[in-house]
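Note: hydrogens, waters and symmetry copies are ignored here, and every other heavy atom, side chains too, is used.
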Amino acid sequence: MAQADFSYEPAGDVSRLPLATTILCDRDSGREAWCDDAEAAGLSVMRQGAIADFAEGDMRPLGRVVLAGCPQANARTLAALARIDERVAESGAALLVCVSQGSLEPVFACLASSRPQILVDPSHGDRLLALGRVKMGGPDSRVRDLSDDDRINLLRLTEQVSEIAEKLERLGQPGLSGSGGAFRFESPADGYRGEGDAEASLVRKGRPALPDPRLVRQIIRQRQARAKFFDGDLFADPAWDMLLDLTAARAEHTRVAVTSLCIASGVPATTALRWISQMVEAGLLERVQDDADRRRAFIALTDTAAEAMARYFAHIRAEAGEPV
């Protein structure tokens, strides 16, 4: 039998490797499914095995892509997954992790370094789309395995989040205004205090307070009620739904777990996680580790996004003639 050919390149020298792939899953059926998908996507499987067997000190190369299946999150598997996360972050490889709904929370918490794609109970199509995203992001990316619709959806997602981030960043800065539209905010004409007093006129108004969380929760309930009368897909707006949920949570001084935020988004968990990842990269959301329990991590608004949301609601109140 021919021996497997492992090329022991330095861990950080990923750029010299082809799209070599390591598949790690504690179930044989899961490894077989990933192997089939990797082959269909044009990737080369260089290594496969169980996640739990990834021992500390294992310095064998992982390749350009690491595919991990984690339907169950026991302590041994999570410890190994945390080691894989660190290795992937050091090498610059791409990490895709398949989880069940029940294992999402602890798996998300232990993946703190590599910025992985996390797929929740993915279908065959979900896995291929994720592999296509990896290939799109590589230096020799080719997305011939993606359909035209998939390519458009990926580009639209990135573009939408970038636009939202840009607008919210502008809105978080008093005195700056956008070009118009739903996210257009301008400082009021009396944005400076002390008319006639040159020194006082240089003092800006303080930042507006976050809205009453009861108001935000009411808006969320009203948005969700539309699904009772129309197809919910007509109104899918995961970025805004998550921003609303996190705004209410910040005003309530409560923390939001990733599974809860996925539910609040109104879209499938895998799609929600993709949005969360994009919004973290765009500076709208941030990951907050639970100091009391390292198996949990939360998602929160960044200060820039929180200020922009506060200014949005202040703008709405001003338009309604209410005191700001």
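Note on L78: it clusters hydrophobically with V88, by side-chain heavy-atom contacts below 4.5 Å among ILVMFWY residues. Linking ILVMFWY residues whenever their side-chain heavy atoms come closer than 4.5 Å, directly or via other members, places W275 and V97 in the same cluster. Linking Ile, Leu, Val, Met, Phe, Trp and Tyr whenever their side-chain heavy atoms come within less than 4.5 Å puts F313 and L284 in one cluster. Residues F298 and I118 do not share a hydrophobic cluster, defined by chaining ILVMFWY side chains whose heavy atoms lie under 4.5 Å apart. Both L246 and W240 sit in one connected hydrophobic cluster of ILVMFWY residues. Membership requires side-chain heavy atoms under 4.5 Å apart, directly or through other members.
Atoms CD and CD1, on E286 and I276 in that order, are 13.5 Å from each other to the nearest 0.5 Å. Note that CG of L95 is 9.5 Å distant from CG of L62, once rounded to the nearest 0.5 Å. The line from CZ of R255 to CG of D290 is 4.5 Å long, rounded to the nearest 0.5 Å. Taking SG from C70 and CD1 from I51, the interatomic distance works out to 5.0 Å, rounded to the nearest 0.5 Å. With rounding to the nearest 0.5 Å, the separation of CG in D85 from SG in C110 is 6.5 Å. I23 contributes atom CD1, which lies 11.5 Å from atom CE of M46 (distance to the nearest 0.5 angstrom).
Residues satisfying the salt bridge (charged side-chain N to carboxylate O under 4.0 Å, His left out) test with R83, not counting sequence neighbours, are none. Shown here are the salt bridge (charged side-chain N to carboxylate O under 4.0 Å, His left out) partners of D303, two or more places apart in sequence or in another chain: R250. Under the side chain to side chain contact (heavy atoms under 4.5 Å, CB included) criterion, Q218 pairs with L215, R221, Q222, not counting sequence neighbours. R217 pairs by the salt bridge (charged side-chain N to carboxylate O under 4.0 Å, His left out) definition with D245, E252, not counting sequence neighbours.
Between A314 and P208, the shortest heavy-atom distance links the atoms CB-CB, 4.0 Å. Contact detail for P122 and C98: the closest heavy-atom pair is CG-SG, 3.4 Å. Scanning all heavy atoms of the two residues, the minimum distance from R47 to P61 falls at NH1-O, 3.9 Å. In terms of heavy-atom proximity, A239 sits nearest to M279 at O-CE, 3.8 Å. The nearest pair of heavy atoms linking A40 to L128 is CB-CD2, 4.3 Å. Heavy-atom minimum distance, R317 versus A209: NH2-O, 4.5 Å.
Between L273 and L104 the shortest side-chain heavy-atom distance falls below 4.5 Å. Residues F108 and I299 form a side-chain contact, since some pair of their non-hydrogen atoms from C-beta on lies under 4.5 Å apart. For the pair V134/Q117, a side-chain contact is recorded, criterion being any heavy-atom separation below 4.5 Å from C-beta on.
Put simply, the side chain of R287 gets close to the backbone of A109: a donor and an acceptor are under 3.5 Å apart. Judged purely by atom type and a 3.5 angstrom limit, R87 uses its side chain to pair as donor or acceptor with the backbone of D58. Of the possible donor and acceptor atoms, one in the side chain of R31 sits under 3.5 Å from a partner among the backbone N and O of C25. The main-chain N or O of L119 is never found under 3.5 Å from a side-chain atom of T270 such that the two would form a donor-acceptor pair. Using a distance-only test at 3.5 Å, with no hydrogens or angles considered, a donor-acceptor pair links the side chain of N74 to the main chain of T77. Not one N or O on the side chain of Q48 forms a donor-acceptor pair closer than 3.5 Å with the backbone of L24. Q72 contributes no side-chain N or O that, together with a main-chain N or O of S103, makes up a donor-acceptor pair within less than 3.5 Å.
Of the candidates I220, I219, D212, I220 is the only one forming a side chain to side chain contact (heavy atoms under 4.5 Å, CB included) with V216.
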Side chain to side chain contact (heavy atoms under 4.5 Å, CB included) evaluation trace for L131 with W34: CA-CA 10 Å; L131 291 172; W34 268 125; 4.2 Å; yes

Just do the side chain to side chain contact (heavy atoms under 4.5 Å, CB included) check on L285 and L243 with the steps written out, would you? CA-CA 9 Å; L285 309 183; L243 287 171; 4.3 Å; yes

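Atom CD of E39 has 12 or fewer neighbouring heavy atoms from other residues, nucleotides or ligands inside a 6.0 Å radius. Residue-environment remark: CZ (R226) exceeds the threshold of 12 foreign heavy atoms within 6.0 Å.
The list of salt bridge (charged side-chain N to carboxylate O under 4.0 Å, His left out) pairs with a residue in residues 108-131, not counting sequence neighbours, reads D37-R127, R115-E281.
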For a quick test of your reading: what N or O donor-acceptor pairs under 3.5 Å do the side chains of residues 258-265 make, sequence neighbours left out?
residue, atom, partner, partner atom, Å
T259, OG1, E105, OE1, 2.6
S265, OG, C262, O, 2.6
S265, OG, V267, N, 3.3

